[in-house]
Structure formats: structure tokens, C-alpha cells
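Given the structure is predicted, the values throughout are model-derived calculations rather than measurements. Proteins get letters first, then strands, A, B, ... in listed order; numbering begins at 1 in each.
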Amino acid sequence: MNSKTQNKIAIGGLYGIAGLVVLILLALLGYILVSGVPQLSWHFLTAPGKAFLKGGGVGIQLYNSFYLLILAMLISFPIALGAAVYLYEYAKDNWVTTTIRTAIEILSSLPSVVVGLFGFLFFVVKLHLGFSILSGAFALTFFNLPLLTRSIEDSLRTISDVQREGGLALGLSRWETVTRVILPAAVPSILTGVILSAGRVFGEAAALIYTAGQSAPALDFTDWNPFNISSPLNPMRPAETLAVHIWKINSEGIMPDAKAISSGSSAVLVIAILLFNFAARYLGKRLYKRLTSA
Amino acid sequence: MKEEILTTQDLHLYYGDKEALKGINLNFDEKGITALIGPSGCGKSTYLRTLNRMNDLIPNVTITGTIKFKGDDLYAPSADTVQIRKEIGMVFQQPNPFPFSIYDNVIYGLRIAGEKDKEKLDAVVEKSLRQAAVWDEVKDHLHESALALSGGQQQRVCIARVLAVSPEIILLDEPTSALDPVSSSQIEATLLNLRHDYTIIIVTHNLQQASRIADRTAFFMNGELIEVDQTKNIFMNPANKQTEDYISGRFG
Ligand SMILES: Nc1ncnc2c1ncn2[C@@H]1O[C@H](COP(=O)(O)OP(=O)(O)O)[C@@H](O)[C@H]1O
Ligand SMILES: [Mg+2]
């Protein structure tokens, strides 16, 4: 067999594999959307759930998902940004940074169930935070931090060293160069990373089951005092998210329309994550264009 | 006799164990252009970067010897690298404007230093861009991204950016080697305009360029300064055999 036919066979094989992956993905997405989208309605998206009767919605779970996501991002983004800037812009290559990098690597490959159980033992039990939004947000932070740190570090890496030299040679301090040249230049790519990790956080269930809890108490959307138990803003209330809801219905749902609600919820989740992904691409590209072109 | 603004004495630089500069003694008078020439890898960039302490950024670099800027030791423990780099600016081989507007690029140094007066900033932008001979080409789109400009325009904006912080010395490391001939000659014209007001030190591998613009030329080889003299002496009547071989294209 000559190298040309070999090459052809190899390329054909790779195309085949790639095609198979795409096909599986499309089939999965198609199945979820086809079975889920017909369940969607304004009522489904906004109404509270019903435990025993049919006709419940996922309004509270949907709201909880977003609230948890925002809290988790508010906590993890500044830490991840600081860690990434330190690691990439300041840290020397020595055993300390190697250790930190390895730790991040390991953290990012921890199964999320483990993160969830750790969150349960530490935040829920030890720190007496109970099943609450706050416990959930901390658990999500642990889950998110390593991934976000690495993605921000990668964003910094895309900014060429000639930019750093340009800043320093202009008499900017290291800090000024980082904050006034490098970070602004990296914003589009950092933003893309943040949104993509938001998608992952949004769909996360295992880390939340034992931290944010599996119940969704009714919320009073007119009460914005975070100290009231029925206030949507209260961070100490248990809060089942959409992803947890799907898991719960499928394992112990007793409402007559459990199957339909599960399909509908899955569709909402998938659509939300797709939207995150498209938003990430779109915003990243647009911002980059605005920064770089006429 | 003119003042010597920058002096280097017995300058050695090691990258790890590797000696890249082997005892350089070279002084610069105020104003005018000095070109540093020599085969690639001979230490021109390394030498240039010691002059505004850009080598500090590279790990495992050891520097011995003395560099004095207006009599002050650049490597004294009390020396402020940030201040030094304001007075000794640098332009790189690859044009490296920030991914912001032309206007922002030029005033970046000043703005970060705290200058807020809009009129003053406007004036500095115009003056610097004029000095860098790029004003006419960019004056109508100052608020568009500098990355949309051609390479040659970008490089002149980078020169303007350096001029805006009013340095005394401008270091340029092969500033035209990434540019087309037309852009290159525009940069050369720009430098010729600036030579009356600034001390300019330019690394170039283009011998014609050195002979066209430099008042003085220094020839480096293997980490050593072989010869430095008025440019026309270096090209017409070099004292050293190695210089002559290099000038006449026998190597490098
Ligand atoms: N960061 C570095 N680390 C190690 N060696 C280097 C580094 N930069 C340059 N060198 C070496 O130092 C010598 C001089 O390089 P350089 O100053 O860039 O030469 P030139 O600018 O004259 O081409 C070369 O042998 C080069 O390989
Ligand atoms: Mg060089």
C-alpha cells in the first residue's frame, strides 16, 4: 500500500469518526428538543411545580438556576481572575506555581459528585449553612474555579508578549501593564470563557443535590427583602435548580405528568446552554471586533 | 564638545552561563542617531535592551559593568525602572500598538500617569503624531482602532506613543525589518526629523539604512564591540579588518 492510499484511508477514517460524533450529538439534541419543546409554554416556564397533580411548571427552578449561577459567578470570577493573573503574569516558574497548577488540574478533574459531597459536609453541616443557595453557590464555586482559572489563564496567553513589552517600555509598571493593557485586550476572550463556564454551571446537578437541596419552596416575587424566607433573593433558602429537578423527577417524581415535565425541563436546559454558547461566540467576536478594527 | 548622555563601561551580560555581551564600552552623545550593526546573534538586541532594563524581564540574566544615564547608575538598587523607561523609550521590531484606538495608543502613557486635561491630551496626540510623521494619514480616524492601520503606520504610531511621554533617548530594535520598502523609508525620514531633538539608538541589519540615517555607527560581533566611529568612516574607511569584511558583505 503506498502512502497516498494510506493517507486517504486515514482521512476517510477520521471523517467517519467525526461524522459519527456529530450524528450522535444531533440525535441526542433532536430527541431532547422534539420530545421537550411541545411541552413548553409560558405557563410551564413561570408556574411553580406541583408535587402530586399534573400541570405544574418549572418557574421557581428556572429562577433558582439563574440566581445560583449569578451568585456562583460573583464569587468565583474575582478569585479566578486574581489566580489567573497571578499565575500567568507574576508567578515565576518554580515548585510553588507548579504545585498550584497541579492542584488546579486535579480540582478541575474531580467528579462533581465529590465536590457536592464535600460541599454537603463542609458548608451544609460544618458551617451550618444548611441546604441553601449559599451552600450551593460555594459548591459551584469549587466546581467552577479551576475551570475558570484555566480559561482566563488561556485568555491571557493569547495576548502576545510584545504587548507586555510595549506597556513596560512605555514606563508603565507591571501592574499598570496588566490592568490597563493586557486585561482590556483579553476581555473578549475572557468573556467567552466566562459564558461557556456559565453554561457548565447552569447544567450542573450532582454538585447541588446535597448543597442547594432538592426542594423549591414557593417564592413571593413581590418580596425583595433578602431576609424574608419566601423572598427570591434570600440566600439561605433551599433551592432546587432545573438540572436537579430533572434528576429528581426521573428518580422519584410522582406527579402524573412527570415524563412531560422532565422532557420539557431538559429542553429548557439544553436551549439555555445552547444560548449561552451562541452568546459567548457572538459577544466575544463583537467585542474583539470593536477593540481591534475600525 | 557635546554632553555624554549615556555611558556603558565593561558591560557583560550572561543568559545563564552563556556570555552574550563580553565587556562593552560604548558612550552616546546627546542628540543624533547611532546605528548598531553586526551579524545576527551578535548581541545587538541584548545590548539595546540593557539600556532601558528590558532584560530584567528575562529570568536568569546576569549583568555586570556600569551603565550611566546622565551620570546616574541605571542598575543602582535605588534606580526606578518605570522612570527609566519613561526617559528611555523603546520601539520594537514588530509594530505592537495596543488593541485600542490610535488616540488612546498615543496618550496611554500620559493618561495612566494621571493626565486628565483633555486639551492637553489632544495637543500631545497631535504633536506626537506630527513628529512621527503620521498625523496627516490618521488625523481623520483618531478614534478608530490602531490595529486597522498598515504595518508602517502602526510602527509610526508606536513611535508617537513613545514620543508622547517625552523621553530623552529612543531605542529602536530593527524597527523597519517587518515593513515594506516604502514604509521603511517613511520611518527613516521620521527618524531623521527626530535626530535634532532626541538621542536615537537604532539596531539595524540593513547596512544601507545605517549609512543613510546614522551619524555614528557601532559594529558588533560575537558579543563584542569591534569598532565605533562616524558612519562615513565605518563605511568608507573602517579601521578594523572584521568591520571591513562585514561591510563589504564577506559574511553575515
Ligand atoms: N532570552 C534569551 N535567552 C538565552 N539566550 C538568548 C536570549 N536572547 C538572546 N540570546 C542569545 O544571545 C545572543 C545575542 O542575541 P541577540 O542580542 O538577540 O542578537 P542580535 O540582536 O544581534 O541578533 C544570541 O546568541 C542569542 O541566541
Ligand atoms: Mg536582534
Is it the case that more than 12 heavy atoms not belonging to [X] sit under 6.0 Å from its [atom1] atom?
X        : atom1 : value
A:Arg157 : CZ    : yes
B:Lys139 : NZ    : yes
A:Asp93  : CG    : no
B:Asp117 : CG    : yes
A:Arg150 : CZ    : no
A:Tyr90  : OH    : yes
B:Glu119 : CD    : no
A:Trp175 : CH2   : no

Contact class of A:Arg174 relative to chain B, heavy atoms under 4.5 angstrom = side chain

How would you list, by chain and number, every residue that makes a salt bridge (charged side-chain N to carboxylate O under 4.0 Å, His left out) with B:Lys127, sequence neighbours excluded?
-> none

Give the minimum heavy-atom separation between A:Gln163 and B:Phe98, together with the two atoms involved.
-> OE1-CD2, 3.1 Å

A:Glu165 versus B:Met54, closest heavy-atom pair with distance | O-CE, 3.6 Å

Taking atom [atom1] of [X] and atom [atom2] of [Y], what is their separation to the nearest 0.5 Å?
X        : Y        : atom1 : atom2 : value
B:Met90  : A:Leu170 : CE    : CG    : 12.5 Å
B:Asn52  : A:Leu168 : CG    : CG    : 9.5 Å
B:Ile112 : A:Glu176 : CD1   : CD    : 5.5 Å

When only heavy atoms count and the cut-off is under 4.5 Å, which of residues 152-167 of chain B reach chain A?
-> B:Arg161, B:Val162, B:Val165

Option that, when pairs with chain A are counted at under 4.5 Å, heavy atom only, ranks first among B:Pro97, B:Pro95, B:Ala113 = B:Pro97

Check for a donor-acceptor pair, side chain of B:Tyr108 on one end and backbone N or O of A:Gly167 on the other, with a separation under 3.5 Å.
-> no

